[in-house]
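Numbers here are sequence positions counted from 1.
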Amino acid sequence: MQISGLKITAVLCTVVLFFFACGKRQQRNVVSFDSSQQITMQGHALQGDSILWSEGIVIMDSLLINLNDKMDTVFNVYRLSDFSFLGSCGVRGEGPDDISFFNSWSWGLFGHGLFYADMNKCNLGAIRFEKGKPIFFVEKRITIPRPGAINGMAVSIDTSVMYFSSYCQENEFVRVNKEDPAHPVPIGVYPEYISGDIPAVNIMSVYLKRLSYNSQRRLYVALYEYLPLLRVFDEQGRIIAESILEGWESQQFEAPYFFPAEDNIRCYLSVCSDENYIYGLYIGQKAPDLEEKGRENPLDVRFSVHVWDWEGRPVADLHPDRLLMKIAVQDGVLYGINTFVSDTVYTYKLDLHS
């Protein structure tokens, strides 16, 4: 009887472990923003020196920093309070502190500074701003391994680790420790939403993403361009939350090369985060429809802002009163830029707790 009881216990444990393992593989949550908070926001335009082009903006303390990689100096810095121009930094060139080849997918906040990847020099640069003054210098460089981080990068200053997507078919990210940059560690696994054996050279284009790191929570978030997908990772690359919007099955990827189909809905264009929420600029339209709408009446083109919590739950579906193409957030204020409208940053006061 005792042996039989042990066998029964072992079988039960095996069954429990089996279902637990299956549950671990099925981490996705299918969600919808239909029942979340709907907010129509009114923008406030701030006038200042021209932003002729923008590949993205970040808010750092009392500064707004715009990336314009079409100019000889790529970073334009503005005072946040009145949007006055303070200066530029990040000179293109071959000097020791110059940027040889800038990767617009791989830059962002780095503690109280700014990091960027120079893909020709294979290094990571950092720029600090002292007391809001336009005093720029390279704080530290580390070597980043080839191939380059063309699919996004985020840097943790506390743990001295950065993440970026690799060409590896099995692992979605690479972790590089500044103390040992010569030995990058592949981590994380790609999502499993697309059937078929995707070639390694194409897997990044299928799972193209935007990354953001939150230093308070010590978490990373990825929002994807061709899937309405959110994934939250810890600093070891373990998945903390994974959510995908209803209707994701309609997205098509053309074999054998698995390029996203032209009539796919474009999903996330820009991402930022704070301690409480994740903000994703969501297109939600097909490219041909966007082109037609833009030709007929450009003022009708709008993108929404999906707000998530760090558990992967929808919080709010924000509807700006005009087209935004890049966003940033700080202290409950959302900042947005339309790259086709110079001299203007739109601000939106958020009240997500109400």
Requested in this report: Would you check, one step at a time, whether the test side chain to side chain contact (heavy atoms under 4.5 Å, CB included) holds for Y277 with L350?
Outcome: CA-CA 11 Å; Y277 303 112; L350 303 178; over 6 Å; no
Would you name the heavy atoms of [X] and [Y] that are closest together and state the gap between them?
X	Y	result
T73	S88	OG1-CB, 3.4 Å
V31	S243	CG2-CB, 4.2 Å
V221	V271	CG1-CG2, 4.3 Å
P320	R302	O-CD, 3.8 Å
L352	A316	CD2-CB, 3.9 Å
F83	V345	CZ-CG2, 3.1 Å

**Report entry** Pairs touching residues 321-334 that satisfy salt bridge (Lys or Arg N to Asp or Glu O under 4.0 Å), sequence neighbours left out
**Finding:** none
Report task. State, with a plain yes or no, whether a side-chain heavy atom of W105 is found less than 4.5 Å away from one of L208. Result -> yes
Query raised in the report: Do V232 and I278 touch side chain to side chain, with heavy atoms closer than 4.5 Å?
Result: yes
Requested in this report: Kindly work out whether a path of hydrophobic side-chain contacts (I/L/V/M/F/W/Y, heavy atoms less than 4.5 Å apart) joins M71 to I99.
Outcome: no
Query - Worked verdict on L334 versus I327 for side chain to side chain contact (heavy atoms under 4.5 Å, CB included) - result: CA-CA 7 Å; L334 184 77; I327 58 173; 4.2 Å; yes
Requested in this report: Would you confirm whether the ring centroid of Y226 sits within less than 6.0 angstrom of the ring centroid of Y193?
Outcome: no
Could you pull out all residues at least two apart from [X] that satisfy salt bridge (charged side-chain N to carboxylate O under 4.0 Å, His left out)?
X	value
E225	R210, R266
E311	R313
D289	none
D82	R79

Report task. Evaluate side chain to side chain contact (heavy atoms under 4.5 Å, CB included) for H306 paired with L223, printing each intermediate quantity in order. Result -> CA-CA 11 Å; H306 287 171; L223 290 174; over 6 Å; no
Report summary line: One should read off an interatomic distance between M325 CE and S54 OG, to the nearest 0.5 angstrom, of 9.0 Å
Query raised in the report: When rounded to the nearest 0.5 angstrom, what distance separates CD in E249 from CD1 in I194?
Result: 12.0 Å
Report summary line: For F233, the ring-ring contact (aromatic ring centres under 6.0 Å, His included) test, sequence neighbours excluded, returns F173
Query - Reference residue Y282; test ring-ring contact (aromatic ring centres under 6.0 Å, His included); the match among Y268, F303, F33 - result: Y268
Query - Steps toward side chain to side chain contact (heavy atoms under 4.5 Å, CB included) verdict (F85, N76) - result: CA-CA 8 Å; F85 182 68; N76 300 323; 4.1 Å; yes
